[in-house]
Asker: 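Structure below; questions to follow.
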Amino acid sequence: MEPFRTLRARAVPLRAENVDTDQIIPAQYLTAVTREGMGQGLFSGWRYHPDGTPNPDFVLNQPQYAGAEILIAGRNFGTGSSREHAVWALLQYGFRAVIAPSFADIFFNNALKNGLLPVRLPEEAVQMLWDLVEEEPDTPIRIDLERQIVTLPDGQELGFPIDPFRKMCLLQGMDDLGYLLSKEPEIAAYEARSPW
Amino acid sequence: MGKTLFEKVWDAHVVAQDPGAPAVLYIDAHLIHEVTSPQAFALLRERGLKVRRPDRTFATMDHAIPTRDLDIALWPQDAARQVETLRRNCRDFGITLFDIQGDVQGIVHVVGPEMGITQPGMTIVCGDSHTSTHGAFGALAFGIGTSEVAHVLATQCLLQRKPKTFAINVEGELGFGVTAKDIILAIIARNGAAGGVGYVFEYRGSAIRSLSMANRMTICNMSIEGGARAGLIAPDEKTFQWLQGRPYAPQGPDWERAVAYWRTLHSDPDAVFDREMTLDAGELEPMVTYGTNPGQGIPISGRIPYPEELEDPGERRSLLAALEYMGLKPGQKMEGQRVDIVFLGSCTNSRIEDLREAAKIVRGRKVADHVQALVVPGSKAVKRQAEEEGLDRIFVEAGFEWRGAGCSMCLAMNEDKAPAGKYVASTSNRNFRGRQGPGARSLLMSPIMAAAAAVEGRVVDVRELMREPLAV
Ligand code: SF4
């Protein structure tokens with residue numbers, strides 16, 4: 001996993017609540033046995049018309065947002081299916097962070113485990129960011145994980161919460177597996193006393 | 001202070017807890033399937049790791065497999081490749097596989113309980129969000145991502161922060177024609193699709209206690225649609241009876257010991273929940289969803305809200321976007337809405353009890369001319385049982401297709417999908433855009449409501465059909 005420290009990037013406004021993982025990556029992309037190739041499936045039902053041509057109305061297809069690395073979405077982002085493919089798709093497309101008022105639990109965990117930073121900001125802040133990047137698509141937004149702060153070009157700072165353990169993992173690019181493997185003696189002791 | 005059921009199960013599984021870190025939680029049963037496991041096994045191979053407890057890991061094939069034909073040679077290449085990959089992984093790592101060729105096969109959340117793998121007090125995970133289903137037995141069961149599948153394969157443990165608890169009390173008696181599916185759709189409609197984020201539900205109250213195990217599974221199944229990762233119901237005599245004699249259930253003296261422990265698995269009278277809500281079962285009606293998230297549901301006598309009635313701009317935006325996709329209007333009733341396809345299946349409602357109830361509605365009637373209707377039993381065991389009882393003939397004579405077991409049109413990974421623009425009366429759990437096929441429009445409802453929609457060709461109040469004398 002890539003460490004995440006700071007990110008300064010442009011952002012895409014996705015004005016939608018309850019964006020489910022079936023939208024982020026539709027089922028037809030789940031037939032893979034590897035992680036690769038998910039980026040092209042990202043939001044494919046929204047990005048493309050049924051005949052495969054790009055839908056120019058969808059915000060990701062608008063040229064002013066090309067190359068953005070932050071997605072700003074409505075509440076309960078990532079609801080639904082547990083498919084980690086959704087996180088792989090966002091990362092492979094080029095996103096490094098998603099800002100939303102709230103996230104579905106499984107998506108939130110999956111994101112953290114892959115180095116995609118989920119940033120929780122209050123509804124009003126998300127509204128404000130949507131307006132801002134719609135008016136000025138070039139606005140750079142800075143995310144500082146160490147300080148847990150989103151900074152706007154005018155110097156305005158918005159704090160966000162993050163679990164201290166998860167923060168440490170992200171800063172160091174460390175995944176859970178190493179930590180869990182280091183608990184082998186405790187696991188063995190638990191198994192020895194467990195009635196199961 | 002007493003403990004909640006959730007806390008009892010949680011506390012019994014904490015292996016280690018470093019200050020500031022999430023708990024290391026031991027997992028008793030790990031269910032895997034062909035779609036979310038291949039990348040996890042790849043990670044194990046990359047790191048040279050073994051599966052710690054192959055004896056606690058069980059594999060099913062359900063998501064990608066076509067349900068029309070179990071001959072893998074006739075399948076699309078990618079579904080065949082996923083199935084072959086799972087076979088190889090199970091062989092290489094010594095994991096029990098319920099293969100499509102065998103007698104035991106079906107949707108992971110139907111097969112697990114059927115085999116007695118699911119037991120009270122266990123922790124159960126699967127790379128599938130509807131793992132919450134197993135909570136019906138008083139197990140702490142939840143969905144995980146593929147990275148976590150790898151963690152559990154390698155260490156039999158997960159790093160987890162303790163969630164909060166949410167008691168959902170459903171009291172009173174369900175009215176005629178109102179089912180477990182209507183209870184859970186009503187709960188989600190009331191709390192919203194995100195209402196349970198960060199919580200574990202415990203369903204309690206007289207209405208829950210009077211439900212069959214199949215119906216309890218229907219309720220726990222959709223905990224995730226209410227935003228909660230898990231939902232539990234305290235085990236009782238019904239639970240024990242249901243489990244006794246199943247292949248993986250404890251036997252002999254072990255059984256007695258297990259039951260004695262299981263009897264302790266309930267929330268203590270003085271236990272405190274972080275949140276509570278109460279619902280009067282007697283006031284519920286059959287429910288139907290009109291939107292593109294499971295919280296957008298109304299009683300059959302109700303009407304779709306007007307955007308002006310919603311205070312929150314996000315809710316308004318969701319409503320308008322949903323209605324545009326669904327081709328429906330604010331203020332409209334769902335009763336009378338045309339239906340093109342009827343799907344009876346999924347881990348929510350594909351058990352024998354569901355098929356029996358639906359068959360009672362269908363019996364002696366015909367599927368409407370313009371409707372394509374299919375029944376996809378949750379497992380081969382359900383299918384065999386239904387055939388023994390002659391339910392297959394009732395469905396087929398009425399004009400339903402009678403399929404093999406699998407997820408099928410619940411997630412539309414293969415050719416089991418609905419065409420764009422079509423309305424699907426579905427007993428599954430998700431009405432997301434395109435969930436049942438790109439552009440398809442899902443209306444979630446109970447099995448008897450779906451059966452009624454099949455014969456009438458539109459959404460109707462099933463209670464009217466139940467009052468009519470049978471045409472046999
Ligand atoms: S039936 Fe549907 S919800 Fe259930 S496991 Fe299969 S795809 Fe998931």
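Below, chains carry the letters A, B, ... as their sequence lines are ordered, and counting in each starts from 1.
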Asker: Output the distance between atom CZ (B/Phe432) and atom CG (A/Asn18), rounded to the nearest 0.5 Å.
Answerer: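 Between atom CZ of B/Phe432 and atom CG of A/Asn18 there are 8.0 Å.
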Asker: Below 4.5 Å from any heavy atom of chain A, which atoms of B/Asn89 appear? Answer side chain, backbone, both or neither.
Answerer: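 Contact with chain A: none, neither part.
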Asker: Measuring heavy-atom distances to chain B, does A/Ala188 have an atom under 4.5 Å in its side chain, in its backbone, in both, or in neither?
Answerer: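 Both backbone and side chain of A/Ala188 come within 4.5 Å of chain B.
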Asker: A/Thr34 versus chain B, heavy atoms under 4.5 Å apart: side chain, backbone, both or neither?
Answerer: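 Backbone of A/Thr34 only, per the 4.5 Å heavy-atom cut-off to chain B.
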Asker: State whether the side chain of A/Asp105 and the backbone N or O of B/Val197 hold a donor-acceptor pair below 3.5 Å, judged by distance alone.
Answerer: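 Pair absent, no side-chain N/O of A/Asp105 close to backbone of B/Val197.
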Asker: Determine whether B/Glu148 and A/Lys113 make a side-chain contact, defined as any pair of heavy atoms from C-beta on separated by less than 4.5 Å.
Answerer: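 Yes; the side chains approach each other to less than 4.5 Å.
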Asker: For chain B, which of A/Arg83, A/Glu184, A/Met168 has the most heavy-atom pairs under 4.5 Å?
Answerer: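 Top option by heavy-atom pairs under 4.5 Å: A/Glu184.
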Asker: Only pairs of heavy atoms separated by less than 4.5 Å count here; which of B/Gly143, B/Ala64, B/Ser147 has the most with chain A?
Answerer: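 Top option by heavy-atom pairs under 4.5 Å: B/Ser147.
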Asker: Applying side-chain contact (heavy atoms from CB on, under 4.5 Å), run through A/Tyr179 and B/Val24 and close with a yes or a no.
Answerer: CA-CA 10 Å; A/Tyr179 181 85; B/Val24 177; 4.0 Å; yes
Asker: Give the minimum heavy-atom separation between A/Arg166 and B/Pro22, together with the two atoms involved.
Answerer: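 Minimum heavy-atom separation between A/Arg166 and B/Pro22: NH2-CG, 4.2 Å.
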Asker: Can you find a pair of side-chain heavy atoms, one from B/Phe142 and one from A/Ile106, that are under 4.5 Å apart?
Answerer: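 A side-chain contact under 4.5 Å is absent here.
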Asker: With no hydrogens and no angle check, is any side-chain donor or acceptor of B/Gln82 less than 3.5 Å from a backbone partner on A/Ala32?
Answerer: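 Yes: the side chain of B/Gln82 pairs with the backbone of A/Ala32.
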Asker: Determine whether more than 12 heavy atoms belonging to other residues, nucleotides or ligands lie under 6.0 Å from atom CZ of A/Arg8.
Answerer: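 No.
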Asker: Within the supplied structure, the quantity of interest is the number of heavy atoms (other residues, nucleotides, ligands) at a distance under 6.0 Å from A/Glu2 CD; does it exceed 12?
Answerer: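 Counting neighbours around CD of A/Glu2, 12 or fewer heavy atoms of other residues, nucleotides or ligands fall under 6.0 Å, so no.
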Asker: Which one of B/Leu43, B/Asp18, B/Val149 has the most heavy-atom pairs closer than 4.5 Å to chain A?
Answerer: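 Winner by heavy-atom pair count: B/Asp18.
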Asker: Apply salt bridge (Lys or Arg N to Asp or Glu O under 4.0 Å) to B/Arg316 and A/Glu17, showing your working.
Answerer: CA-CA 10 Å; B/Arg316 272 203 298 272; A/Glu17 280 69 29; over 6 Å; no
Asker: Any side-chain heavy-atom pair from A/Trp88 and B/Thr146 closer than 4.5 angstrom?
Answerer: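 The answer is yes, as the side chains (C-beta and beyond) meet within the 4.5 Å cut-off.
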Asker: Would you mind checking which part of B/Ala412 comes under 4.5 Å of any heavy atom in chain A, side chain (CB onward), backbone (N, CA, C, O), both or neither?
Answerer: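 It is the backbone, since no side chain atom gets that close.
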Asker: Using a cut-off of under 4.5 Å on heavy-atom pairs, state which of B/Val14, B/Leu49, B/Val15 scores highest against chain A.
Answerer: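 Greatest number of close heavy-atom pairs with chain A: B/Val15.
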Asker: Sort B/Arg435 into side chain, backbone, both or neither according to what part of it lies under 4.5 angstrom from a heavy atom of chain A.
Answerer: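 Interface part for B/Arg435: both.
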Asker: Quick check on the interface: out of B/Ile224, B/Asp254, B/Thr36, B/Ile144, who has the most heavy-atom pairs with chain A under 4.5 Å?
Answerer: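 It is B/Ile144.
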Asker: Would you mind telling me which of B/Glu315, B/Arg47, B/Gln77, B/Arg257 has the largest number of heavy-atom pairs within less than 4.5 Å of chain A?
Answerer: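 Max contact count across the listed options: B/Arg47.
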Asker: Could you give the distance from CD (B/Glu34) to OG1 (A/Thr31), rounded to the nearest 0.5 Å?
Answerer: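 That separation rounds to 11.0 Å.
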Asker: If we only count heavy atoms from C-beta on, is the B/Asp312 to A/Arg75 side-chain gap below 4.5 Å?
Answerer: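 Result yes, sub-4.5 Å side-chain heavy-atom pair found.
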Asker: Does some side-chain heavy atom of B/Asn293 sit less than 4.5 Å from a side-chain heavy atom of A/Asp20?
Answerer: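 A/Asp20 does not reach B/Asn293 side chain to side chain.
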Asker: Locate the shortest heavy-atom distance separating B/Gly20 from A/Phe165; write the atom from each residue and the value.
Answerer: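 Minimum heavy-atom contact is O-CB, 3.7 Å.
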Asker: Is the shortest heavy-atom distance from the side chain of A/Asn109 to the side chain of B/Arg229 under 4.5 Å?
Answerer: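 A side-chain contact under 4.5 Å exists here.
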Asker: For A/Glu136, does the CD atom have more than 12 heavy-atom neighbours from other residues, nucleotides or ligands under 6.0 Å away?
Answerer: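 Open.
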Asker: Could you tell me which of B/Ala16, B/Pro313, B/Cys157 has the largest number of non-hydrogen atom pairs under 4.5 Å with chain A?
Answerer: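 Of the candidates given, the most pairs with chain A belong to B/Cys157.
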Asker: Heavy-atom distance under 4.5 Å to chain A: side chain of B/Ala12, backbone, both or neither?
Answerer: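 For B/Ala12, the contact with chain A is made by the backbone alone.
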Asker: Quick one: does any side-chain atom of A/Gln23 pair with a main-chain N or O of B/Arg433 as donor and acceptor, under 3.5 Å?
Answerer: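 Yes.
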Asker: Looking at A/Glu191 and B/Arg52, does any basic side-chain N land under 4.0 Å from a carboxylate oxygen?
Answerer: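 Between B/Arg52 and A/Glu191 there is a salt bridge, with a charged N closer than 4.0 Å to a carboxylate O.
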Asker: Any side-chain heavy atom of A/Ser82 within less than 4.5 Å of one from B/His130?
Answerer: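 SC-SC contact between A/Ser82 and B/His130 ruled out.
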Asker: Using non-hydrogen atoms only, which part of B/Ala42 is less than 4.5 Å away from chain A: side chain, backbone, both, or neither?
Answerer: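 Contact with chain A is absent: no heavy atom of B/Ala42 under 4.5 Å.
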Asker: Could you have a look at A/Lys183, A/Glu84, A/Glu123, A/Arg15 and say which one has the most heavy-atom pairs with chain B under 4.5 angstrom?
Answerer: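 Greatest number of close heavy-atom pairs with chain B: A/Glu84.
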Asker: For the atom pair OH (A/Tyr190) and CG (B/Leu25), what is the distance rounded to the nearest 0.5 Å?
Answerer: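 Atom-to-atom, A/Tyr190:OH and B/Leu25:CG are 8.0 Å apart.
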Asker: Indicate yes or no for a side-chain donor-acceptor contact from B/Arg81 to the backbone of A/Val33 under 3.5 Å, with no hydrogens or angles considered.
Answerer: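 It does not hold such a pair.
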Asker: Between B/Gln39 and A/His85, is any pair of side-chain heavy atoms under 4.5 Å apart?
Answerer: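 Answer yes - side chains close enough.
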